[in-house]
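Below is one structure, written out as structure tokens, with a few remarks after it.
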Amino acid sequence: MTRGIVLGTITSLCLAACAPASQDVSEPAAVNETAESSEVADTQAGISPDPALMDWLRAEHEGYTEGLRFAAGEIDLNADGAVETLVYVAGPMVCGSGGCNAYVLQKEGEGYVKISGHTVSNLPIGAFDTQTNGWRDLAITVRGGIMEEGPDTGRLSYDGTRYPLNSTVLPAERADQPFEIVLPFVEWEELQLLP
């Protein structure tokens, strides 16, 4: 069996295992009915990532970049006048039954540094108007855990160093209020393929 066939088979198995039974397995589980029905500000559909961001993504996912898709958007989370980058990554090895990985990155010199990483994340992703320790609270669409009643939004508060890793367990909390969308819901094929 060639490497391409093996990776294609693994990708198909991961997508089949990660998607809910009622969902087409060609796209990740990522619908936020609460956010879609709320009056939210869709400020930005995403940014065209620079080469340094793609380098960071390749380094962070070294060994399993084939088939990775992502979306990236910018927002100033800590009111310092410089934007942070929110990134959603989907594909083999980064998605589970509850969602995929997301990151908060800061530009540093010519590259990026990770402020925090998040598991079981779904789109849309953004920020609330509220803030904790000088940083806006993150809004990540989640399933399961504290969101047992269905897809909903988790509020993640900055602890002075980073945001919580998992959006579905405490200290994350359920939040049924509008938020500023940085990464809107898009279909699987609309996510950018990592070259």
Side-chain angles (χ1 to χ4, degrees), residues 3-4 7 10-11 14-15 18 27-30 42-96 98-127 131 133-142 154 156-168 172 179-195:
R3 182 172 184 245
L7 287 174
I10 290 171
T11 300
C14 176
L15 291 174
C18 297
E27 57 188 275
D42 185 0
T43 60
Q44 184 175 354
I47 59 170
S48 295
D50 62 31
L53 177 58
M54 289 186 280
D55 288 345
W56 185 90
L57 288 168
R58 282 190 284 275
E60 180 72 9
H61 301 96
E62 187 176 0
Y64 52 95
T65 58
E66 191 168 334
L68 282 185
R69 293 179 176 269
F70 69 100
E74 295 177 334
I75 184 172
D76 185 358
L77 292 171
N78 60 357
D80 66 352
V83 294
E84 281 70 46
T85 302
L86 301 183
V87 185
Y88 172 80
V89 181
M93 307 301 289
V94 296
C95 294
C100 302
N101 287 356
Y103 302 96
V104 177
L105 306 178
Q106 266 185 338
K107 196 82 158 132
E108 186 175 273
E110 296 298 315
Y112 287 86
V113 295
K114 180 168 64 174
I115 299 302
S116 60
H118 311 280
T119 58
V120 294
S121 302
N122 294 281
L123 295 171
I125 295 173
Q131 52 182 267
N133 295 313
W135 287 65
R136 289 177 66 178
D137 296 334
L138 286 184
I140 296 183
T141 303
V142 295
L156 285 73
S157 298
Y158 189 74
D159 70 3
T161 306
R162 68 182 65 82
Y163 291 94
L165 171 69
N166 189 324
S167 308
T168 65
F179 60 89
E180 180 180 352
I181 295 176
V182 178
L183 300 176
F185 173 77
V186 294
E187 300 294 336
W188 171 258
E189 60 274 4
E190 294 176 88
L191 293 170
Q192 184 167 338
L193 186 62
L194 183 64

Interatomic distance, L193 atom CG to L68 atom CG [nearest 0.5 angstrom]: 8.5 Å
Any D137 side-chain heavy atom under 4.5 Å of F179 side chain: no
Beyond-backbone contact of N78 with Q106, side-chain heavy atoms, under 4.5 angstrom: yes
Gap separating the CG atom of L57 from the OG1 atom of T65, nearest 0.5 angstrom: 10.0 Å
Pairwise distance NE2(H61) to CG(L194) - rounded to 0.5 angstrom: 9.0 Å
CD on E189 to CZ on R69, rounded to 0.5 Å: 7.5 Å
L191 to A71 - nearest heavy-atom pair and separation: CD2-CB, 3.8 Å
Expected output: side-chain E84 to main-chain L77 donor-acceptor under 3.5 Å: yes
From CG (L53) to CD (E60), nearest 0.5 Å: 11.5 Å
Non-hydrogen atoms of S116 and H118 that approach each other most closely: OG-NE2, 2.9 Å
Minimum side-chain heavy-atom gap I125-L138 below 4.5 Å: no
Shortest non-hydrogen contact from I181 toward P124: CG2-CB, 4.0 Å
Taking every non-hydrogen atom, the tightest pair across S121 and A102: OG-CB, 3.6 Å
Atom pair CD1/OH of I140 and Y88 - distance to nearest 0.5 Å: 11.0 Å
N/O donor-acceptor pair under 3.5 Å between R136 side chain and D76 backbone: no
Sole candidate of L183, L105, V104 that passes side chain to side chain contact (heavy atoms under 4.5 Å, CB included) when paired with V87: L105
Mutual orientation of the aromatic rings belonging to Y158 and W135 [parallel < 30°, tilted 30-60°, perpendicular > 60°]: parallel
Any side-chain heavy-atom pair of M54 and Q192 under 4.5 Å: yes
Contact check, side chains of Y103 and Y112, non-hydrogen atoms, under 4.5 Å: no
Non-hydrogen side-chain atoms of E66 and P92 separated by less than 4.5 Å: no
